[in-house]
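Take a look at the structure below.
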Amino acid sequence: MNASDSTMISVASPEGWRIERHDHGRLDLVDAIGTRHPDVDVLRAFPVTAAAGPVAIIAADGGELAWIESLADQPAELRGLLERELAQREFLPVIERIEAVSDSEPSEWMVITDRGRHRFKVAHADDIARPPDGGVFITDTFGMRYLIPRELALDATSRRLLDKLS
Amino acid sequence: MTQGSAPSEQPPVSTLPWGESAGGLLPGETVLATGRFDLDSSLRFSDGWIVLTTRRVIADRPASATQPLGGSGPWTWTIGPHTRLDVQLRSAVGRVELSEGDRVVARWLFTPAKADAIHTIEDAFDARVAGPDGLTEPEGGRKPSAVTDDASGETDEKPAPAGRGLGDDGGGTASWRALFRVIAFARPHAGMAILGGLLSLASTTAALVPPYLTMPLVDTVLIPRQNGKDVPFSLVWWYLGGLLAAALAAWLLSWAQTWVLGWVSERIAADLRTRTYAHMQTLSLDFFQGKRTGDLMSRVGSDTDKINVFLSVNLIEFASNVMLLVLTATVLIWLNPLLAVLTLVPFPFVVWLIYAVRERLRRGFSRAAVAWSDMTSALADTIPGIRVVKAFAQERREIDRFVSANERVLEANDRVNVIWSFTGPVVSLISEIGLLVVWACGAWLVFTGSVTVGGLTAFLAYIARFYGRVESMIRMVPATQRASASAQRIFEILDCKPTVAEAPRPVKLGRVEGRIEISGVHFRYGAREVLHGVDLIIEPGEMIGLVGTSGSGKSTLANLVCRFYDPSSGSIRVDGVDLRDVDIADYHRNLGCVLQEPFLFFGTIADNIAYGQPDAPRNKIVEAARAAGAHDFILSQPLAYDSRVGERGGGLSGGERQRLSIARALLVDPRILVLDEATSSVDAETEAIIQAAIDRLVTGRTTIAIAHRLSTLRRANRLVVLDAGRIVEVGTHEDLLAADGMYARLYHAQMKAAEEAAASA
């Protein structure tokens, strides 16, 4: 839809492989010996417990192609590209307000997120996780995650609804 | 490929979700599949439709498109011979891509919630392309169904060992002893407990003040006034003030007392739970083999709770009742000894009655607790085994089983109620009669002038209190019996001694070399001897394959090396130290186990791999997963290493679970490794992957491998053939084949079976 979609970007890694971004956001990885792996995926190995930790690039069939221990140690250009990709792939709506939570199980949630209004189901109280470094992660019945960065920043009604279940 | 906004032609029938605004279908065009996407180009929630027809894709605004889109949509894309539709969902955002040859022309984004419907579009598209002329309607094209929750398949089969529950016997004195033992748990909170007791005493005393004030109120104020004396009304205020102060004091004190004793009893119950659970963890495997999970759960959970209720509610009541009774009796005797004696006449009957029902109640409650355990067991047995239940269509039977367990609970409780419903009212009757006698006597005494009206009023107020206390004490009898039955069930666990006992002065082995000497080992399960004198020396780093038919003692031998049990006679030495002398936990740190049924705990994949070393750094976890061949499939999980697995979180195949358990063993870098049928529950292809991981695992470690499939033991340095609890052959694969003994027979039988299977395939 925008101009960047139709231009190819190629960024090389210090380890010899390079990554290419094509139309519509598709990524290819060309490895050190020149083999092209089309439509690769970028993901964090520990998205919850160490979001700044290792990043893997995997082939369309799931095999690992590259492993980056820490994005912070990568050249700025590569880091920028991968972080943009990760941001899109790790779609994590931030819940700004909880409007209603049903008493049923699975409970049905009506929320306002930074991505707009949304409705989802949560199967179990275990799906509301509070990692030690703060924030609340909610996983819905489809495995989608939502983040509440600061529980105390929510309004009173939202906090009460959140407490009801966790 | 054409596109544009809203063609103007309007066919009569439209089955499109937009109704007329989409322009409807072309002549001869039918809808194949309909689905919704729910994200726009900036990843905001925004619903839209995608419709696949026999000729076109009609959809709301895509996240990106090659050519600019005008108007407000929906837009259409004509399907040509090179048109492709691909759906990809690897992360939280899925995408539908419509491409022409190699070029993507439009892309829509969706969340996993819409995946089902989107996949029906993909299926319909593929079926359409696969059709004979490329334009026919697919057979059995599904309508986009309502999105349903994903029912996950894998559950952990946790076999709950069948067996009898813990015995329940022991007489009444034992039950009281059990309750006294519970009191010992109050020692750490002695200060608070004593404070609670003092508060009880104070609040009881405060509650005795009001009747004492009513006496002068009647005798010196009300009756003289009635008789025409001039008594100032201000005196009434004085007495009322006193009564109010006493009531307030009693309220405040009993509030404090309830809170303090509740605080103490919650802590005692929590300590009991922790102590019971921690003690269970120290018990040996054979304890768990004889127990039903539900029974143990009910002991740790519901029995401790009953004790808590007893301590926080009933014990306070009991203590304050006893104090009140003593104090009231004192006041009664002081007021009028004759009336006091009359009041106390029914008391012996009450005591006798309590004594008579107490034992029957205790038996009743103990039966009820056992029935409750059975009911919990019915749950704990079937929920992990729910797949078996469903597969054999035994839901009805399991419901019936639960119903009958529940009926036994009902029956046991009914029995208690029968006894109890009789006893309570009898006590009330006795106290009513006692009250009547005092009234009669009191009236006569007032007539003769030896007691004032005020004195009698106060007396009767005290008697009412006295009998009230007696009744509430009676009401406590069942609670006490219930708690003592529970206490006994808990102490049955606490009194179990581990059969594999820690040596008095255990030897810390540290990191072992891994030399294992088994000499003259016999082992009995109950009366049956499973091993009859086994001698074997395993050198450090050597891999031993244990071979033999089922029941030949292979697993028992492995369990002895793990020191899950101790040999009945003979000894097992590791680096020259008898296993009975070593510190068990310290020894177990040298040990790695991969079992036939890999058990995953509820938690993340990373947690499960790091189970043996919770503080392992992330790179070690990843390293272990790589070596176990688990890294790639872990990365394909929704949250990679942070994905949740376990009892119901599952979704992993048997082979994947097994690789996680291999990674778990690799992470602790054990010196001694036990592989008990590690590959027997997976298919041949997965076995090859696991075998490669196991080969990496065994390198440089003393290994005892048990395998039914002999091909998995190819790396073993020596094979040990067991038969009926004795070693019959030892040697390499070639040696044993040449010797043409038992191993050769087993091997040829397996080869033949494999050939036949290959031939028939």
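Throughout, protein chains are lettered first and strands after them, A, B, ... in sequence-line order, and every chain is numbered starting at 1.
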Query raised in the report: Among I634(B), N619(B), T604(B), L39(B), which has the most heavy-atom pairs under 4.5 Å with chain A?
Result: L39(B)
Report task. Check each atom of S643(B) against the heavy atoms of chain A and say whether the ones under 4.5 Å are side chain, backbone, both or neither. Result -> neither
Report summary line: For S46(B) and D40(B) the tightest heavy-atom approach is OG-CB, 4.1 Å
**Report entry** Note, I609(B) side chain near L660(B) side chain (heavy atom, < 4.5 Å)
**Finding:** yes
Query raised in the report: Who among A45(A), A56(A), G116(A) has the most heavy-atom pairs with chain B under 4.5 Å?
Result: A45(A)
Report task. Measure D114(A) against the heavy atoms of chain B and call it side chain, backbone, both or neither at under 4.5 Å. Result -> backbone
Query raised in the report: Highest number of heavy-atom pairs under 4.5 Å with chain B: which of H118(A), E69(A), R44(A), M144(A)?
Result: H118(A)
Query raised in the report: Side chain, backbone, both or neither: which part of R626(B) has a non-hydrogen atom closer than 4.5 Å to chain A?
Result: side chain
Report task. For ring-ring contact (aromatic ring centres under 6.0 Å, His included), just list the numbers for W17(A) and H37(A), CA-CA rounded to whole Å, side-chain angles, deciding distance to a tenth of an Å, and then say yes or no. Result -> CA-CA 11 Å; W17(A) 47 265; H37(A) 302 273; over 10 Å; no
Query - Sidechain N-carboxylate O distance under 4.0 Å for R159(A), E151(A) - result: no
Query raised in the report: Checking heavy atoms, do the side chain of R145(A), its backbone, both or neither come under 4.5 Å from chain B?
Result: side chain
Query - Carboxylate-amine/guanidinium proximity below 4.0 Å for D86(B) and R84(B) - result: yes
Query raised in the report: Contact part of P54(A) toward chain B, heavy-atom cut-off under 4.5 Å: side chain, backbone, both or neither?
Result: neither
Query - NZ or CZ of R618(B) within 45° of F46(A) ring axis and under 6.0 Å - result: yes
